[in-house]
Every structure is written in C-alpha cells, then in structure tokens.
Amino acid sequence: MPAGTIAVPFKIGGFANRRHGQQSDSKTRILETPNPPVLGDMAGQSVSRMEDATLVREAQRGNRAAFESLVRNYDQAVLRLALHLTGSEHEAQDVYQEAFLKAYKSIGNFRFECSFYTWIYRIVTNLCLDHLRKRQVRKEDAPVATDEHGEQYDLLDQVPDGRSGANPERELMRREMGTRIGAALEKLTPRERMVFELKHYQGLKLRTVGEVLNTTEETAKNTLFRATQKLRGALADIR
Amino acid sequence: MKCEWLRENLVLYAYNELADDARFETEQHLARCPECATELRSLGVFHAVFEQLPVQEPTPNLLAASRMRLQESLETAEQGGLWQRLTFDPFVWFRQISFAPALTAVIFIVGFAGGVGMTYRFLRADHFTGTTAAITSPSGMDESSVAGIRSISQQPGSNNVTIQYDSLSPKEAQGSLNDQRIQQLLLFAARNNYNSGVRMDSVSLLTQQPANDHVRETLVYALRYDSNPGVRLKALDGLSNYVKDDVRVRDAVLEALMDDSNQGVRIDALKLLNSVEADSSVRIVLQKLAQSDKNVYIRSQAKAMVAQMPEMN
C-alpha cells in the first residue's frame with residue numbers, strides 16, 4: 001500500500017447470493033482500493049439476464065418447470081431477505097410463499113421492462129415493507145422471534161459465532177451488541193430500513209435498489225445516507 | 001473538494017458507489033485531510049460493529065420446507081387467465097382493454113346491444129376529425145377507445161403526420177410528430193396493430209425520436225416481438241445509437257443476434273455490436289457464435305470481431 005493512504009479494512013455486504021446488480025463477492029476490502037467490477041461478474045450478469053428472459057417466456061407459455069427454475073435461482077435470496085427483515089421463520093415463509101405465488105399468477109403481465117430479478121425483488125420488498133409498517137404500529141420487540149411452531153426464541157441465538165466459542169464474556173458482549181443493533185434498526189423508517197437492508201446486507205447497487213423500490217438512484221443514496229447517520233448516532237458509543 | 005461534500009459522500013465511497021473520478025478525488029483528499037481520514041475510520045468502526053452480527057442464511061430445512069409448501073400451492077394455483085384477470089384485477093382488466101383491440105371490440109358490441117342510442121350519441125359528441133381543437137387536447141384521447149390504426153403518412157418536407165385510426169368509428173388525427181396524441185397513436189400502432197405495414201410506418205417515424213424513453217421501449221419491444229422482419233430491422237436501425245449506452249438496448253440486440261429467425265436481422269445486429277465489442281457480455285456471445293453458429297457469414301464475422309478484440313484483464 002502506498003505511503004500516506006489510510007488502511008481501514010472492513011467488510012461490506014458479502015452475504016448475498018450475488019446475481020444481478022450486486023457487488024463482487026469479496027468479503028474483506030481495503031477502503032482505499034475498492035474492487036473494480038469483475039469481468040466474470042458482469043458477463044455472468046448478462047448471461048443470467050438472458051437465461052432468465054428465456055425462462056420467463058417459457059413460464060408465460062405455461063411451463064411450470066421453467067417457473068420453478070426461476071424460483072430456484074432467487075428463492076434463497078428472497079428467503080434470506082424476508083427472514084432478516086421479519087425476524088421470524090414463520091413470517092418469512094409467508095412472505096416467500098406470497099411473493100412467488102403472486103409472481104406465478106401475474107407472470108403473464110411481465111413485459112420485460114425490467115429484469116425478472118428486479119421484478120421479484122420489487123414484489124418481495126413491497127410485502128416486507130407492508131410487514132415493517134404493520135410492525136411499527138404494533139411496536140414489537142425486534143430480537144425476539146417466533147419459530148414455525150409459534151414458540152419465541154432470541155434471534156441472536158441463531159447467529160453462528162466462530163470467535164467467541166470458549167469465551168462467555170465475549171459472547172455476552174456480542175449478544176448485547178446484537179440487541180443494540182436490532183433496536184437501532186427498529187428506529188429507522190420502513191423505507192430507510194429497506195434501503196439499508198438491500199445495500200448493506202444484500203449488497204445491491206444503489207441503482208438497483210432504486211429500481212426495486214420504484215424510486216431514483218439519487219433518492220436511494222439520500223435514504224442510505226440518512227439511515228447510516230441515524231444508525232451511527234444510535235450506536236455511537238459502541239467500539 | 002470540500003470536507004462537507006466529502007462527508008456527505010463518504011458512505012457512498014465506503015460502499016464503492018462513487019464514480020471513478022469522484023473516488024479518485026476522495027482518495028486524494030483523504031490523504032491530505034486528517035479530519036476526513038478520521039471520519040472514514042469512524043465509518044469503518046461502524047461497519048465493523050455490524051460485521052460482528054452477519055445476516056443469517058436460511059437453514060436448509062427452512063428452505064426445503066418453503067419450497068415444498070410453494071410447490072403444493074403451485075399445484076392448485078393457476079396463472080392469471082382471462083377470466084381471472086377480468087374478475088379479480090381491475091388494473092389488468094383495463095390493460096387488457098387497452099392492448100387487445102379484439103377484446104375492446106367485443107366489449108363494445110355488448111355495450112352497443114345494451115344502449116344503442118345513448119352510445120351512438122356519446123360517440124358522435126366525442127368524435128373528432130383532426131381539428132385543431134382536438135389536437136390541442138391530447139389528454140382527451142382514451143387509448144382504450146382505439147381499436148386499430150388504419151394508416152400513417154408523413155407530409156413531405158414537414159414533420160406533420162396524418163394517422164387514420166379506428167375508434168368506435170374510424171377517426172383521423174393530424175398533428176406534429178411532437179404532438180403527444182400523435183406520439184401515443186404511434187406507440188400504440190407499433191405494438192398493437194395487426195397490419196404490419198402500419199407497424200412499419202409507425203416504427204419508422206418513432207425512430208426519429210429514440211431519445212424518448214417510451215419510444216425506445218417500444219422499439220425494443222418491436223425488435224423482440226414483432227412478427228415482421230422488416231419492422232424488426234427498422235427498430236434495430238432506430239436503436240443503433242443506444243447500443244453503447246443503454247444496457248436494455250444492448251440486451252435486446254444481443255437477443256436478436258442469438259435468436260432472431262431472420263438472418264438479415266441477425267447480421268444487422270452483429271454490425272451494431274462493433275461499437276461495443278469490448279463489453280463482456282458481447283464478447284461471450286461473439287465467442288459462442290464464432291464457435292458454433294449455423295450461419296457461415298455470422299460465424300466468420302464473429303470470428304473476425306473476436307480476433308480484433310482488445311485484450312482485457
């Protein structure tokens with residue numbers, strides 16, 4: 001690294017099953033040398049866009065196997081997004097189910113004005129936004145979730161931790177931090193939460209975030225800035 | 001570059017969302033401004049906090065259960081058929097009317113039987129024959145009332161266009177190419193008309209305004225779906241200036257190159273890609289064509305283009 005630059009390594013995104021509009025899969029990045037778009041990624045995106053278009057046309061002709069292939073391409077990402085936003089396996093399953101059924105029923109109206117990827121994400125984010133709005137009204141506690149049998153559990157128990165294994169003190173701190181982060185995320189408006197989710201956790205480009213949320217890239221940028229400022233304010237004392 | 005601007009955009013920098021030149025300037029500024037460098041470190045700490053609790057992947061069991069539940073539902077679910085759309089989705093119902101002239105005609109006939117006199121008087125009152133007053137109220141035209149475009153002609157030496165179209169009775173509209181109503185009719189004709197000559201005329205005129213997003217979308221639609229190769233060629237021609245900058249146009253041209261049934265359309269599509277041969281998706285398609293395309297000319301041209309490609313790392 002050249003002298004005079006500031007090395008601040010940290011991870012951004014890196015969790016998503018990356019396809020269109022998503023950043024490279026690098027888990028750790030040095031801020032001063034952001035990764036250029038990887039040639040293979042771009043080619044892969046174009047090819048998968050074309051593959052999707054072929055599958056959508058088949059599905060529009062009534063080929064259910066083609067639709068199921070589309071589901072397989074995206075359902076893990078959809079479930080991950082729903083799970084992270086709802087905090088409940090049961091509700092995530094409902095969102096998953098409703099999103100793909102809606103897509104199946106209305107795929108005949110898909111006019112290729114955007115990619116299938118953007119379209120399905122638009123359906124899912126709308127369902128999740130409805131969920132977030134309802135939850136804001138109910139003011140549920142964020143970290144507590146319910147499993148498929150209706151029993152409550154702490155979401156943080158589900159997070160794998162390879163570092164704290166034999167260190168109860170560190171594990172306790174990690175859980176406290178999780179509670180703080182959950183509370184900070186709850187303070188965001190549903191739209192800010194969604195932009196932050198899609199950008200930070202799902203790794204989408206802001207242009208794609210704008211398309212998914214039916215808004216402009218500029219608005220998505222402003223919303224991300226606002227969300228980050230709020231979160232930094234809420235978590236300022238954590239180091 | 002001012003510190004204030006930089007701090008507002010530091011988040012974008014951290015997410016690699018700044019343009020190359022802004023990123024370069026940001027890095028230059030960070031190297032000489034300790035305060036902004038501190039702000040960047042603070043942002044790094046913020047991200048590090050989040051990294052300690054990564055998003056959880058759905059468990060294989062949850063994914064499998066979700067898939068199974070979906071499959072069960074798909075067994076009984078039906079894709080939106082006509083009756084379902086008419087019954088349950090008013091938005092789609094209206095779209096059906098807008099984009100399916102035959103359906104419009106059927107609905108008209110049913111309505112006609114129910115109230116001949118009233119309908120007739122209403123239509124007479126609404127009738128226009130290309131008068132200036134009609135032209136100056138573009139919002140008065142209801143797309144759903146257009147049953148089909150009869151003919152399109154451009155007056156020599158001007159950008160005035162005459163369009164004859166069927167509403168509930170034949171009508172005629174005149175106006176400049178810039179007239180919103182004329183544009184609506186052209187867009188409608190390009191997508192919906194059964195007469196390929198009319199589609200050809202409308203696409204030809206639309207190619208004069210490819211900068212308009214709706215026009216470009218319609219040209220892409222024509223290139224992808226029009227059954228007439230002449231119309232597809234015309235649409236391809238209209239899109240030629242946007243292959244480089246608009247990824248949707250590029251995808252449509254690539255699709256035409258790979259799948260179009262007409263060799264002329266494919267060859268024209270291949271020529272258009274000369275300007276963007278450095279694009280990775282174009283490279284892949286060209287390499288594929290160079291190896292295995294059935295058309296000898298396309299194969300050899302693709303080989304030549306692949307051979308001339310600059311090296312990319």
Side-chain angles (χ1 to χ4, degrees), chain A residues 4-6 8 10-12 15 23 31-32 34-35 39 42-43 46-47 49-50 53 62 64 67-68 71 75-76 79-80 83-84 89 92-93 96-97 100-101 104-109 112-113 148 156 158-160 174 177-178 181 199-201 205-206 221 224-225 228 231-232 235 238-239, chain B residues 8-9 11-17 23 27 30-32 37 40-58 62-63 65-67 69-71 73-74 77-80 84-85 89 92 95 217 220-221 224 247 250-251 254-255 258 279-281 283-284 312-313:
Chain A
T5 57
I6 312 102
V8 185
F10 62 84
K11 291 184 273 180
I12 293 173
F15 311 107
Q23 290 173 339
L31 264 184
E32 282 61 41
N35 288 343
L39 180 64
M42 290 193 298
S46 294
V47 170
R49 266 205 303 268
M50 275 185 268
R64 220 184 84 189
F67 182 78
E68 283 174 6
V71 171
D75 68 345
Q76 198 167 350
L79 196 56
R80 183 195 311 112
L83 187 60
H84 197 241
E89 289 191 353
Q93 264 193 328
Y96 172 102
Q97 175 90 350
F100 283 116
L101 271 179
Y104 183 69
K105 287 176 181 171
S106 51
I107 199 157
N109 301 322
F112 297 93
E113 284 151 358
E148 53 197 306
L156 303 174
Q158 306 297 306
V159 180
R174 193 182 69 84
M177 191 178 290
I181 290 175
K199 178 69 236 177
H200 184 86
Y201 288 113
K205 299 296 285 180
L206 281 171
K221 279 181 186 172
L224 177 68
F225 179 72
T228 310
L231 290 172
R232 286 179 72 185
L235 302 171
I238 296 185
R239 287 291 181 271
Chain B
E8 282 176 10
N9 288 277
V11 172
L12 301 180
Y13 175 72
Y15 282 117
N16 198 17
E17 288 276 0
R23 194 172 67 223
E27 283 164 4
L30 285 169
R32 63 173 184 270
L40 179 66
R41 280 192 208 95
S42 157
L43 191 59
V45 170
F46 166 75
H47 279 274
V49 166
F50 270 83
E51 292 313 318
Q52 293 184 43
L53 279 166
V55 70
Q56 64 180 114
E57 283 295 322
L62 179 64
L63 187 61
S66 304
R67 283 177 176 171
R69 196 177 144 199
L70 178 65
Q71 274 201 329
S73 303
L74 288 177
E78 284 183 13
Q79 281 187 327
Q84 191 182 354
R85 289 178 203 177
D89 193 338
V92 177
R95 273 182 64 154
E217 255 173 42
V220 166
Y221 181 89
R224 278 188 163 132
V247 71
R250 198 181 306 163
D251 284 349
L254 281 173
E255 274 183 43
M258 288 172 72
D279 180 274
S280 54
S281 56
R283 276 168 174 260
I284 288 174
M312 284 181 79
N313 297 317

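Side chains included, hydrogens not; waters and symmetry mates left out as well; all remaining heavy atoms used. In what follows, chains are A, B, ... by sequence order, proteins preceding strands, each numbered from 1.
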Exercise. Are the side chains of A:Gln76 and B:Glu57 in touch, meaning some heavy atoms are under 4.5 Å apart?
Worked result: yes
Exercise. Can you say whether A:Ala92 sits under 4.5 Å from chain B via the side chain, the backbone, both, or neither, judging by heavy atoms?
Worked result: neither
Exercise. For B:Arg67 and A:Glu68, what are the C-alpha separation, side-chain angles and deciding distance, and is it a side-chain contact (heavy atoms from CB on, under 4.5 Å)?
Worked result: CA-CA 9 Å; B:Arg67 283 177 176 171; A:Glu68 283 174 6; over 6 Å; no
Problem set entry | Engaged part of B:Leu12 at the chain A interface, taking heavy atoms whose separation is under 4.5 Å | side chain
Exercise. Taking side chain as C-beta onward, heavy atoms only, is A:Lys221 less than 4.5 Å from B:Asn9?
Worked result: no
For this session: Name the region of A:Ile181, side chain, backbone, both or neither, that has any atom closer than 4.5 Å to a heavy atom of chain B.
Result: side chain
For this session: Please report the closest heavy-atom contact between B:Val55 and A:Arg80, naming both atoms and the distance.
Result: CG1-CD, 4.0 Å
Problem set entry | Contact check, side chains of A:Leu231 and B:Phe50, non-hydrogen atoms, under 4.5 Å | yes
Problem set entry | Expected output: side-chain B:Glu17 to main-chain A:Leu206 donor-acceptor under 3.5 Å | yes
For this session: Please look at B:Arg250 and chain A and tell me whether the side chain, the backbone, both or neither of the residue comes under 4.5 angstrom of a heavy atom of that chain.
Result: neither
Seminar exercise, completed: Closest non-hydrogen contact found for B:Gln71 with A:Arg64 is O-NH2, 4.2 Å
Exercise. When you look at B:Leu70 and A:Tyr104, which way does the side-chain contact (heavy atoms from CB on, under 4.5 Å) test go after all the steps?
Worked result: CA-CA 11 Å; B:Leu70 178 65; A:Tyr104 183 69; over 6 Å; no
Problem set entry | Nearest non-hydrogen partners of B:Pro58 and A:Leu83, listed with the distance | CA-CD2, 4.0 Å
Problem set entry | chain B contact via A:Arg232 - side chain, backbone, both or neither, heavy atoms under 4.5 Å | both
Exercise. When rounded to the nearest 0.5 angstrom, what distance separates OH in A:Tyr96 from CG in B:Leu62?
Worked result: 9.0 Å
